There are 2 protein chains.
Amino acid sequence: MAKKVVPEEERRRRRPTRQGVVVTQQLIVETALRMLHEHGRDGLTVRRLGLALGADPSTLYRYFRGIDDLTLAIADELIGRAMRGRRPTGQWRTDLREIGLRIHTAYLAHPEAAVLTASRVSGRANEIAGDETLLGVLRSTGLPDPDVVRIYQAFVDQALAFAALDAASLALPEAARAADERVWHATYAELPAETHPNIAALAPLLVARMNDSAYPTALEMLLDSAEASIRRARRGGDRADT
Amino acid sequence: MAKKVVPEEERRRRRPTRQGVVVTQQLIVETALRMLHEHGRDGLTVRRLGLALGADPSTLYRYFRGIDDLTLAIADELIGRAMRGRRPTGQWRTDLREIGLRIHTAYLAHPEAAVLTASRVSGRANEIAGDETLLGVLRSTGLPDPDVVRIYQAFVDQALAFAALDAASLALPEAARAADERVWHATYAELPAETHPNIAALAPLLVARMNDSAYPTALEMLLDSAEASIRRARRGGDRADT
DNA sequence: TGAGTAAGGTCAACGCTGTTGGCATAAGGT
DNA sequence: ACCTTATGCCAACAGCGTTGACCTTACTCA
């Protein structure tokens with residue numbers, strides 16, 4: 001078997017599989033995303049990937065070191081899709097808001113993949129480009145470097161954290177997702193006011209909001225805070241923080 | 001095999017296993033937490049759980065419907081540990097801050113378990129009690145119910161989202177965690193200023209902050225926003241939002 | 001005190017999984 | 001046209017969650 005994976009750029013021989021498919025890293029990643037979509041979070045298996053690809057399962061190991069390596073490639077693909085087609089306005093707040101919402105949207109479009117990848121550092125092209133862009137937007141505000149880094153970190157972690165949390169609910173196996181939702185109607189909505197007065201009083205409102213993400217609100221709050229820091233920096237010169 | 005799991009309260013016969021262990025749901029949950037700690041996120045297996053418990057693997061199915069049911073029990077245990085020993089001050093902001101940080105801390109103490117459970121709704125005792133407490137704190141501020149629910153949701157989701165994200169990094173298999181960390185030093189810190197000026201300029205600051213959680217900052221921002229809403233509610237009567 | 005019941009522990013088996021070593025084949029540089 | 005070797009394929013391994021049947025023994029009730 002393969003001692004080493006040949007990098008995509010150095011591949012010369014493109015030998016089709018028995019079923020006539022010419023395999024590439026990109027094709028594997030796209031197939032993996034589709035399988036996660038169709039079969040759920042646990043539905044990405046090497047054997048099924050081979051089947052869907054029209055190749056032997058072990059072929060994967062000619063293109064990735066293993067499942068974890070494939071996972072990092074998927075992570076980078078998600079970031080790439082989030083940033084692709086972006087239209088920067090030059091207004092930092094508008095641009096940051098759009099990036100945050102784009103990340104959230106792109107991840108929720110592939111919830112099973114999002115769960116697998118949100119906490120990973122791929123170090124691949126799309127991730128690096130995204131970070132460079134983000135840091136550029138923040139630096140353009142004139143913030144001192146330590147503040148840029150602080151806000152950058154909060155922004156990225158918040159976007160990824162909410163994306164992962166919201167995706168995790170969507171990505172649950174159907175049985176578990178239905179069970180979790182049933183808890184709201186069967187358990188929370190039925191608690192008696194004597195023992196749980198607060199839940200009982202708010203149950204209808206809680207159930208109604210249940211499926212909405214809190215990310216847009218949290219994002220706006222972060223941008224407010226950033227704006228305050230930027231005002232402070234522009235006014236006070238080298239005063240950095242309170 | 002068992003057609004149905006007997007609820008813990010109704011258990012009468014406590015028959016020890018061949019190795020003399022008297023099994024309970026609580027014992028299984030504690031053992032599962034310990035195994036996750038010792039063997040990593042993928043280290044909780046039914047067979048290993050049986051071994052650690054001193055019982056046949058299939059014994060689990062006498063106490064839980066399956067791995068997913070056990071997962072929900074673990075989720076509730078984490079919430080219970082987060083809230084246990086809390087000392088309410090009666091000051092809403094202080095109390096909310098403490099609850100948020102306690103959740104974050106309790107989850108990070110068991111990162112592998114946190115990843116499995118952060119997005120689940122257990123509907124069990126500790127979770128319900130925690131929600132009742134939180135809603136009580138928020139209602140004590142005099143906020144109108146819709147604002148209570150809105151802030152409650154943002155607060156809980158943000159706490160769980162950051163807990164899950166931060167836990168996910170800690171819970172990675174050692175090889176993956178080391179690889180992700182190496183990316184920062186080997187990839188980001190080495191990018192040339194010509195192609196990636198922003199990353200190159202900030203690399204030392206980025207690497208230094210790499211291991212710190214952004215949650216405390218985000219939490220304080222959420223509390224700021226809540227405080228503003230409360231002020232507005234107390235002043236304006238029935239004016240709810242901007 | 002003794003008998004009957006069924007809770008609960010154990011065993012063996014099923015069809016999955018990721019991964020690997022060895023082998024066959026054909027692509028592409030010369 | 002040849003030769004090298006990249007690349008696809010096959011078979012096998014250990015370990016996974018789960019299940020059905022079986023057996024043992026704690027508890028109930030007379």
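Being a predicted model, the structure only gives us computed values, none of them experimental. Reminder, nothing fancy here: chain letters follow the sequence lines and each chain counts from 1.
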Original post:
Checking side chain to side chain donor-acceptor pair (under 3.5 Å) for the pair B/D69/B/Y63: CA distance, chi angles, key distance, verdict?
Top reply: CA-CA 9 Å; B/D69 197 25; B/Y63 291 85; over 6 Å; no
Subject >> Distance in angstrom units between B/R65 CZ and D/dG17 P, rounded >> reply: 17 Å
Original post:
Do the side chains of A/L172 and B/R120 get nearer than 4.5 Å, heavy atoms only?
Top reply: yes
Subject >> Proximal nucleotide (of D/dC9, D/dA21, C/dT20) relative to the A/Y61 side chain >> reply: C/dT20
Subject >> Identified side-chain contact (heavy atoms from CB on, under 4.5 Å) partner of B/Y188 from the options B/V207, B/L202, B/V183 >> reply: B/V183
Original post:
Which whole-number value in Å describes the distance from B/R62 CZ to D/dT24 C1'?
Top reply: 12 Å
**OP:** Have a look at B/T59 and say if it touches a base, only the backbone sugar-phosphate, or nothing, with a 4.0 Å heavy-atom cut-off.
**Re:** base
Original post:
Can you find a donor-acceptor pair, distance only, under 3.5 Å between A/S58 side chain and D/dC10 base?
Top reply: yes
**OP:** Could you check which residues of residues 70-78 of chain B get a heavy atom under 4.0 Å from DNA chain C? Sort them by number, please.
**Re:** none
**OP:** Could you check whether A/F64 gets within reach of a base, just the sugar-phosphate, or nothing at all, counting any heavy atom under 4.0 Å?
**Re:** nothing
Subject >> Beyond-backbone contact of B/T133 with B/R86, side-chain heavy atoms, under 4.5 angstrom >> reply: yes
**OP:** Would you indicate whether the side-chain heavy atoms of A/R209 and B/Y152 approach each other to under 4.5 Å?
**Re:** no
**OP:** Please indicate whether A/R65 has more than 12 foreign heavy atoms, meaning atoms of other residues, nucleotides or ligands, lying under 6.0 Å from its CZ.
**Re:** no
Original post:
For B/D69 and D/dG17, what is the distance between atoms CG and P respectively, to the nearest whole Å?
Top reply: 15 Å
Original post:
Is there side-chain contact between A/L27 and A/V21, with heavy atoms separated by less than 4.5 Å?
Top reply: yes
Original post:
Quick one: A/L60 CG to D/dC10 P, roughly how many Å, whole number?
Top reply: 16 Å
**OP:** Taking the side chain as every heavy atom from C-beta outward, state whether B/Q158 and A/Q158 have any pair of such atoms under 4.5 Å apart.
**Re:** yes
Original post:
Would a 4.5 Å heavy-atom cut-off, applied to side chains only, mark A/L72 and A/R124 as touching?
Top reply: yes
Subject >> Whether B/H104 and B/Y215 hold their rings parallel, tilted or perpendicular, with breakpoints at 30° and 60° >> reply: parallel
Can you check nucleotides 28-30 of chain C for protein contacts, nitrogen or oxygen pairs under 3.5 Å, and list what you find?
unit_1	atom_1	unit_2	atom_2	d
C/dG28	OP1	A/R12	O	3.2

Original post:
Name the one of A/H39, A/R41, A/M35, A/E38 that satisfies side-chain contact (heavy atoms from CB on, under 4.5 Å) with A/E112?
Top reply: A/R41
Original post:
Which ones in residues 36-57 of chain B lie close to DNA chain C, meaning a heavy atom under 4.0 Å from one of its atoms?
Top reply: B/R47, B/A55, B/D56
